[in-house]
Amino acid sequence: GDSSILNKNRIQLLNNVDVESNNRRIKPWERRYDELKSFVQEFGHARVPGKFPQNPSLGGWVFNQRKSYKGHLKGDPSSSMTADRIRRLNEVGFEWECYKNQSWERSYEEIVNFVQEFGHTKVPQKFPQNPSLG
């Protein structure tokens, strides 16, 4: 019945649960934020693909941040987005619009960078450094 459905209130409660990690207590948002910072350090951008094999839940978290941000902008009281989270996400270069809607110019810039690094335009279909380019 309804008891198995994760409604907004239950999701909010789960988001507030502390989790043990490396002998320190961090909230799930903080853990994912740290994972995003690691992703940015490794790949040079914050465009985590929806299906990121090394960390499948990170792509979903990024999607949820965008969704929560849109709700926040509309004044949705159930949005978990805060001004502090927006500031911190901006600090790591978070892109609030999904990369699938990126402009032609950005794609052009990315292929130019790829050519400079690799000397050709044959981007692998599954290119982990920039999944949207592949």
Could you check W61 against L36 for side chain to side chain contact (heavy atoms under 4.5 Å, CB included), going step by step and ending with a plain yes or no?
CA-CA 9 Å; W61 181 83; L36 177 64; 3.9 Å; yes
Let's go through Y69 and Q65 carefully: what are the C-alpha distance in whole Å and the side-chain angles of both, what is the deciding distance for side chain to side chain contact (heavy atoms under 4.5 Å, CB included) to 0.1 Å, and is it a yes or a no?
CA-CA 6 Å; Y69 177 72; Q65 298 315 297; over 6 Å; no
Please test H72 against S80 for side chain to side chain contact (heavy atoms under 4.5 Å, CB included), starting from the C-alpha separation and ending with a verdict.
CA-CA 8 Å; H72 175 78; S80 61; over 6 Å; no
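Looking at D34 and R31, no side-chain N of the basic residue comes within less than 4.0 Å of a carboxylate O on the acidic one, giving no salt bridge. Contact check on E30 versus R88 returns a salt bridge, with a Lys/Arg side-chain nitrogen under 4.0 Å from an Asp/Glu carboxylate oxygen.
For S57, the side-chain hydrogen bond (donor to acceptor under 3.5 Å, both in side chains) test picks out R32, N55, with sequence neighbours left out. Applying the ring pair (Phe, Tyr, Trp, His ring centres under 6.0 Å) test to F63 and every residue at least two apart in sequence or in another chain returns nothing.
Shown here for R87 and E91, the closest heavy-atom pair between the two residues is NH1-OE2, 2.6 Å. Shortest non-hydrogen contact noted between H120 and V115 is O-CG2, 3.4 Å.
For the atom pair CZ (F52) and CD (E35), the distance works out to 10.0 Å, reported to the nearest 0.5 Å.
Considering only heavy atoms from C-beta on, V92 comes within 4.5 Å of Y33 through its side chain.
By the 6.0 Å and 45° rule, R66 stacks over the aromatic ring of F94.
Test N64, L73, I86 against M81 for side-chain contact (heavy atoms from CB on, under 4.5 Å) and you get one pass: I86.
Between F43 and F127, the gap from one ring centroid to the other reaches at least 6.0 Å.
Side chains of T82 and D84: no donor on one and acceptor on the other come within 3.5 Å.
No side-chain donor-acceptor contact under 3.5 Å links S68 to the backbone of S79.
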